[in-house]
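Below, chains carry the letters A, B, ... as their sequence lines are ordered, and counting in each starts from 1.
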There are 4 protein chains.
Amino acid sequence: MPALRLGFVGGGPTSGIGPTHWHASRLDGHFELVAGAFSSAAAINRSAAATYGVAEDRVYASFDEMAASESARADGIEAVAIMLPNNLHAVASRAFLAQGIDVICEKPLATTLGEALELEQFHAEHPSVFVLAHNYSAFPMAREARAQIAAGTLGELRLVQVEHAVSSGVEPAPNSVAKPIGWRADPAIVGPSAVLADVGVHAHHFVRYITGLEVSEVAADLATLAPGRSSDDNAHVMLRLGPAVRGQMWASFMAAGHRQGLKIRVYGSKASLAWDQEDPDRLFIRPQHQPHYVLRRGELWTGEAALSATRLKAGQVEGQLEAFANLYADAAELIRARRCGRSPAASARLCPTLADGIKGMRFVDACVRSQAAEGAWTRL
Amino acid sequence: MPALRLGFVGGGPTSGIGPTHWHASRLDGHFELVAGAFSSAAAINRSAAATYGVAEDRVYASFDEMAASESARADGIEAVAIMLPNNLHAVASRAFLAQGIDVICEKPLATTLGEALELEQFHAEHPSVFVLAHNYSAFPMAREARAQIAAGTLGELRLVQVEHAVSSGVEPAPNSVAKPIGWRADPAIVGPSAVLADVGVHAHHFVRYITGLEVSEVAADLATLAPGRSSDDNAHVMLRLGPAVRGQMWASFMAAGHRQGLKIRVYGSKASLAWDQEDPDRLFIRPQHQPHYVLRRGELWTGEAALSATRLKAGQVEGQLEAFANLYADAAELIRARRCGRSPAASARLCPTLADGIKGMRFVDACVRSQAAEGAWTRL
Amino acid sequence: MPALRLGFVGGGPTSGIGPTHWHASRLDGHFELVAGAFSSAAAINRSAAATYGVAEDRVYASFDEMAASESARADGIEAVAIMLPNNLHAVASRAFLAQGIDVICEKPLATTLGEALELEQFHAEHPSVFVLAHNYSAFPMAREARAQIAAGTLGELRLVQVEHAVSSGVEPAPNSVAKPIGWRADPAIVGPSAVLADVGVHAHHFVRYITGLEVSEVAADLATLAPGRSSDDNAHVMLRLGPAVRGQMWASFMAAGHRQGLKIRVYGSKASLAWDQEDPDRLFIRPQHQPHYVLRRGELWTGEAALSATRLKAGQVEGQLEAFANLYADAAELIRARRCGRSPAASARLCPTLADGIKGMRFVDACVRSQAAEGAWTRL
Amino acid sequence: MPALRLGFVGGGPTSGIGPTHWHASRLDGHFELVAGAFSSAAAINRSAAATYGVAEDRVYASFDEMAASESARADGIEAVAIMLPNNLHAVASRAFLAQGIDVICEKPLATTLGEALELEQFHAEHPSVFVLAHNYSAFPMAREARAQIAAGTLGELRLVQVEHAVSSGVEPAPNSVAKPIGWRADPAIVGPSAVLADVGVHAHHFVRYITGLEVSEVAADLATLAPGRSSDDNAHVMLRLGPAVRGQMWASFMAAGHRQGLKIRVYGSKASLAWDQEDPDRLFIRPQHQPHYVLRRGELWTGEAALSATRLKAGQVEGQLEAFANLYADAAELIRARRCGRSPAASARLCPTLADGIKGMRFVDACVRSQAAEGAWTRL
């Protein structure tokens with residue numbers, strides 16, 4: 001199969017997330033990066049194109065120009081990856097959806113629920129593929145976790161403990177070359193809760209993906225722990241997932257010493273499971289009445305969802321790029337299926353989309369309302 | 001130094017906690033068990049005495065009889081360890097305090113805050129030593145954690161994540177010999193929150209001990225997850241520890257697959273630390289701007305508090321009994337100091353006492369009030 | 001049951017191993033320390049007695065005096081624990097065996113095979129109980145490992161990888177209070193291989209205990225790695241355990257950064273297992289064709305040997321003292337059985353004895369002969 | 001920079017190693033696969049080409065045909081990756097070296113030392129780039145380990161413990177779809193030691209890479225543990241690395257339950273380090289006289305060698321494909337430097353080459369001679 005033609009909006013080689021998208025998009029040969037509006041600074045834009053091997057005549061000063069020019073070419077991009085600050089996700093998505101170009105967009109979907117709902121409406125009228133980059137769900141053993149829960153390994157679900165606690169908001173060391181948190185803590189760019197916009201939405205999507213349950217109600221404590229910060233930087237949230245399941249979420253920028261820090265544990269009537277994104281090839285299953293065991297990526301006795309998302313045998317570690325590449329593989333399947341008018345493969349139908357982004361924004365919105373009501377339980 | 005003469009109330013060899021107290025009390029030779037009212041069932045009572053090597057004439061049908069008879073003997077017990085269901089802690093304590101006998105009592109202090117405050121008043125009038133068995137604070141590396149925080153290793157404190165989640169409330173397997181949860185989930189015996197009375201108070205004390213901070217405000221979600229249970233069995237609590245520090249607690253009977261399950265993580269402006277009671281000899285320190293390192297019990301570069309609570313060199317694991325024996329060693333020091341009219345050694349002054357039990361009951365009470373107010377933030 | 005009367009030879013409170021024996025002997029109430037020849041220095045001897053609560057009139061200047069005096073008392077010691085430098089193990093044992101006193105002796109049995117064989121002969125003529133303190137075999141999950149192998153969990157055995165590598169021979173830091181290696185590296189005291197005498201014999205016994213196999217042939221590389229040392233301090237040994245099983249042993253004083261360092265892995269045709277003395281409550285089973293699982297001390301589905309050697313429930317860590325106490329419990333059973341003329345309980349029959357010590361000395365002897373023959377394969 | 005044109009010999013999508021080379025070669029855009037002789041079976045050959053996107057006119061029936069045809073094209077391949085059974089490594093390499101095409105060849109270099117030396121001679125006369133795929137040295141934290149040792153973190157080196165023990169030779173479960181070991185245990189294809197040819201040479205190279213030391217002498221026990229096997233399947237080897245450093249190697253096909261299984265520990269006078277290829281982002285440093293610490297890939301305080309081989313920040317796991325891609329990046333640098341007549345960058349000069357392959361074959365040869373001499377110490 002020929003590679004799909006891909007454009008980048010943002011995502012240059014010196015950005016935080018650009019190289020991840022670039023490596024991941026090309027790992028399996030599903031996409032070829034052929035166009036980009038990498039930066040509003042012309043020199044950086046050109047330099048990014050050179051690094052990525054993008055031809056000079058397909059480097060654009062803005063995403064609007066790119067959407068217009070590429071849609072006019074016979075060999076124009078089929079898909080675009082949007083890696084801009086949050087407040088530009090919706091407007092940039094719209095520019096490409098309007099041209100029938102398929103979209104892979106960084107999370108969160110928008111800065112406010114209102115903006116997200118407008119985008120949902122626009123997408124209903126311009127129904128290209130829209131993939132939201134909740135990459136954690138694309139780890140093979142996250143998919144195995146979902147499959148184990150769906151198969152009843154844990155019994156009836158009762159509890160979810162999830163955290164995505166990073167240290168990006170901790171003050172850098174004097175003279176450090178570490179990047180400050182920048183726009184990710186600017187309310188004008190990220191909306192009413194910075195920490196939920198950046199990491200909370202990942203944790204929320206991950207819970208839904210693994211358990212198949214929806215968060216129905218929240219009680220939130222959104223706090224600012226770093227001196228002088230204008231946004232929140234820590235969220236403690238109590239969760240209700242329907243009438244019978246409780247949960248606890250911790251999302252933070254202030255977890256000094258942490259690195260990436262997404263962890264989930266799910267408890268049922270018969271067993272629990274635990275998965276840690278920093279040790280992604282292993283899924284721990286802890287039955288109440290039998291020895292605890294571990295499932296590893298690549299083992300013959302894992303399920304189809306995990307095996308089909310795996311490249312190497314057990315013991316040869318796969319990591320973040322491979323998970324991201326699984327997301328791109330799903331996106332490619334959705335795009336090819338749409339363009340061929342066929343139904344996509346089952347595995348790709350679990351890929352996070354705009355509908356997940358709407359739910360994420362409803363979650364943020366409910367947490368912000370709970371906070372305004374001094375932590376009262378608040379329905380999504 | 002001669003061993004102190006000790007009596008047991010409850011705590012027979014087939015009880016959950018009795019053997020732990022017995023092994024721990026004798027490990028270092030500080031106490032000798034010489035009397036007991038192990039059970040209201042006469043045969044069990046006699047059998048327990050035989051197993052523990054207690055003379056027949058010092059086996060009593062009730063704690064009242066024991067307090068009266070032992071205080072009348074020249075060689076009567078100097079201290080008593082109370083291991084009864086929660087609703088008898090206060091009344092049994094009173095019986096021995098009234099006789100000037102020193103008390104080591106299982107947690108929680110009482111079933112309600114009101115009962116606890118009455119005991120506090122009684123103790124003020126009968127000021128024997130009163131040690132409350134919050135044993136986790138007696139692990140050497142828990143003491144090291146406290147010392148590291150006090151020394152500023154973490155910088156300014158910001159966050160506490162604590163959990164004590166066990167699986168005692170999960171339904172046993174059919175035909176299992178595992179014990180059901182029994183009175184620990186009976187509101188008549190344990191008071192308004194079963195799960196906080198059993199494990200939540202441990203977590204609360206542990207946070208205070210490690211950080212030196214007090215919980216000032218809570219927002220709680222107390223839930224019953226097992227079908228047909230009349231008490232709660234899961235608590236999610238958001239914490240405020242003064243104006244600048246936030247926390248999250250999980251206390252549960254329903255953590256299927258868990259064993260003992262006390263874990264704490266504390267985050268500051270410069271570093272975080274992590275300690276797990278199931279891997280007690282290691283304390284993890286995670287600076288934000290340097291490599292993460294691990295401190296092990298017995299190493300020369302740990303502090304005085306940890307070293308003085310250690311018996312074996314690093315690499316030779318110490319465990320729960322040794323921690324409990326540290327608690328008994330502290331109790332022995334408090335008792336000997338009181339009886340000699342001298343000031344106890346500094347290390348023993350950190351030993352949990354009745355005052356800690358009062359704070360624990362205030363915490364439970366605040367959580368119960370928060371729950372009644374639908375999770376509203378509630379001051380202790 | 002009344003406690004057995006115990007004496008110590010060596011083993012004062014400031015020695016490396018004395019407190020371990022003391023705590024372990026009293027943990028379960030099987031023994032009471034009532035006499036001792038703790039040190040040839042009178043002041044240290046007296047001070048040790050005071051610390052341990054031994055009466056002044058039962059403190060002896062030498063083990064000979066102690067054996068003679070105690071055997072003359074109606075309430076004389078029933079058993080003695082010998083904790084002297086290696087070259088005195090045999091001669092001290094003889095003094096007590098001659099009086100019909102049961103012996104618990106530190107390893108190794110002797111300094112040379114010849115000396116060991118003479119002791120074997122003497123013991124045949126004076127058949128008291130003789131327990132050799134190979135304490136590692138008394139960890140509950142080491143016993144579970146033995147039971148799993150005996151039950152065929154691994155299939156046919158093929159490979160054993162064992163190491164006991166400590167850092168006691170690494171040069172101390174300048175101004176450190178760490179103890180130098182001292183007599184443990186003095187050939188006059190420990191015999192022809194210091195490192196095998198101290199840790200190699202533990203590893204050898206542990207392999208035999210866990211697998212039920214005997215080492216039949218060795219090829220050894222005994223080296224001196226620290227500058228200026230007169231003994232060896234590192235041993236690499238290739239093992240044959242009968243015709244079909246191969247093994248590899250590493251015994252060392254020079255494993256910088258190590259703490260205690262006994263680890264074993266055993267491989268069969270169907271699965272392998274792994275156990276680490278620094279994480280003693282967990283036994284890892286790794287089937288070739290199924291998920292890997294972990295067995296924890298205290299779980300209902302472990303075997304009788306492990307369960308009967310356990311005091312606390314799973315998740316409440318037991319450690320080195322509890323394992324040592326298991327050895328003392330076995331010793332108590334052997335001693336009581338001999339004194340009652342009955343057969344000891346099955347569990348105690350696995351307790352390491354003089355016969356194991358002979359095999360250990362044959363192993364050391366074969367390694368030394370292999371080394372002399374430039375590493376040639378050498379039969380035990 | 002334009003991608004280098006690459007051909008494959010062997011390495012189809014269903015082979016064990018082909019997809020790894022394919023993903024790795026394209027991850028960073030250094031190579032584009034444009035030609036192949038993937039299989040001698042025509043249908044498989046064509047199918048492989050289609051999967052990899054190789055044009056039909058550049059699919060060849062043999063490597064000889066490929067070398068001849070490609071070297072005749074203006075746009076012919078610049079480099080070839082050879083993934084054939086061991087006995088064809090030398091002959092295939094020769095075909096491409098003869099045409100001036102740069103070679104990336106799977107290990108081991110040849111089946112016998114004699115064959116390897118002939119290839120060395122041929123290469124001297126046809127000096128294209130020759131990279132040998134000892135991929136483990138390309139993990140960032142393996143490079144950090146080398147840098148730490150070179151910088152003296154461990155003090156003077158004393159001991160190396162290395163193992164590469166897999167389970168590929170354990171009998172498959174009945175009805176399993178797991179692949180049997182096949183030609184990797186056929187002496188006609190792999191030479192006198194199957195297990196050393198497959199995994200022992202990796203371990204040998206890794207020791208040399210990390211420590212900077214050469215193995216000078218070996219004493220080996222090569223065994224056949226699986227019933228009816230005609231090759232060896234387990235090797236225990238004692239190592240001397242110059243006069244002052246000892247080592248122990250375990251290479252195996254028979255480690256039931258293992259997955260990939262390369263681990264190394266190095267001990268010096270001041271500290272030791274440990275690295276495990278199944279947890280590749282972490283390097284453990286264990287000082288003798290300070291707390292143990294861990295270095296993680298991506299942290300600012302790791303060295304240049306590790307940082308320049310890293311793509312993602314700490315906490316976002318990298319794995320086997322990224323390490324392999326580092327090898328391809330080094331190969332690209334060597335190839336571009338040779339073709340430009342410039343000196344390659346320093347990092348690429350550590351890339352494993354034919355000279356390393358010669359040393360690997362000398363190691364295998366010495367072990368085989370030691371085995372023939374009943375385990376006698378044998379010089380390389």
Side-chain angles (χ1 to χ4, degrees), chain C residues 154-156 158-159 161 163 165 167 170-174 176 178 219-223 225-227 233-240 244-250 252 254-259 265-274 284-290 292 370 373-377, chain D residues 154-156 158-159 161 163 165 167 170-174 176 178 219-223 225-227 233-240 244-250 252 254-259 265-274 284-290 292 370 373-377:
Chain C
L154 307 193
E156 288 176 30
R158 286 169 172 172
L159 281 163
Q161 302 288 126
E163 63 186 58
S167 57
V170 177
E171 300 85 336
S176 170
D221 183 28
L222 310 181
L225 300 176
D233 54 21
N234 190 78
H236 286 146
V237 190
M238 302 194 293
L239 310 172
R240 290 183 179 154
V245 181
R246 304 297 170 109
Q248 206 173 28
M249 180 191 290
W250 176 36
S252 190
M254 299 301 286
H258 276 214
R259 300 293 177 248
R265 294 175 292 172
V266 184
Y267 298 83
S269 55
K270 299 195 305 190
S272 55
L273 65 74
F284 293 88
I285 310 280
R286 307 183 295 200
Q288 175 71 356
H289 305 303
Q290 282 171 268
H292 295 182
S370 172
E374 301 196 346
W377 283 101
Chain D
L154 307 194
E156 288 176 31
R158 286 170 173 172
L159 281 163
Q161 302 288 126
E163 64 185 59
S167 58
V170 177
E171 301 85 336
S176 168
D221 183 29
L222 311 180
L225 299 176
D233 53 20
N234 191 79
H236 285 148
V237 190
M238 302 194 293
L239 309 174
R240 290 184 179 153
V245 182
R246 304 296 169 110
Q248 205 174 31
M249 180 192 289
W250 176 35
S252 190
M254 298 302 286
H258 276 215
R259 300 294 176 247
R265 293 175 291 172
V266 184
Y267 298 83
S269 55
K270 299 195 306 191
S272 56
L273 64 74
F284 293 89
I285 310 281
R286 306 184 295 201
Q288 176 71 357
H289 305 301
Q290 282 171 269
H292 294 182
S370 172
E374 300 196 345
W377 283 101

Would you indicate whether the side-chain heavy atoms of D:R246 and C:M254 approach each other to under 4.5 Å?
no

Rounded to the nearest 0.5 Å, what separates atom CG in C:N234 from atom CZ in D:R158?
10.5 Å

Part of D:A255 lying under 4.5 Å from any heavy atom of chain C
both

For residues D:Y267 and C:V170, determine if any side-chain heavy atom of one lies less than 4.5 Å from a side-chain heavy atom of the other.
no

Sort out for me which of D:A226, D:G247, D:G155 touches chain C most, counting heavy-atom pairs under 4.5 Å.
D:G247

Closest non-hydrogen atom pair, C:A256 against D:G268:
CB-O, 3.3 Å

Toward chain C, the part of D:A220 with a non-hydrogen atom under 4.5 Å:
backbone

C:A373: side chain to side chain contact (heavy atoms under 4.5 Å, CB included) partners, not counting sequence neighbours
C:A376

Which heavy-atom pair separates D:G257 from C:S272 by the least distance, and what is that distance?
CA-OG, 4.3 Å

Restricting to side chain to side chain donor-acceptor pair (under 3.5 Å), what partner residues turn up for C:R259, sequence neighbours left out?
B:E299, D:H292

Between CG on residue C:L225 and CG on residue D:L159, distance to nearest 0.5 Å
5.0 Å

Can you tell which part of D:V237 gets under 4.5 Å to a heavy atom of chain C, answering side chain, backbone, both or neither?
backbone

Going by distance alone, is a donor N or O of one side chain under 3.5 Å from an acceptor N or O of the other, for D:H236 and C:Q161?
yes

Among D:K270, D:Q290, D:R240, which residue forms the greatest number of heavy-atom pairs with chain C at distances under 4.5 Å?
D:R240

Using a 3.5 Å distance criterion without hydrogens, assess whether the side chain of D:Q248 forms a donor-acceptor pair with backbone atoms of C:M249.
yes

Top residue by heavy-atom pair count (under 4.5 Å) with chain D, among C:A173, C:G375, C:A219, C:P172?
C:A173

Please classify the contact between D:A244 and chain C as side chain, backbone, both or neither, with a heavy-atom cut-off of under 4.5 Å.
backbone

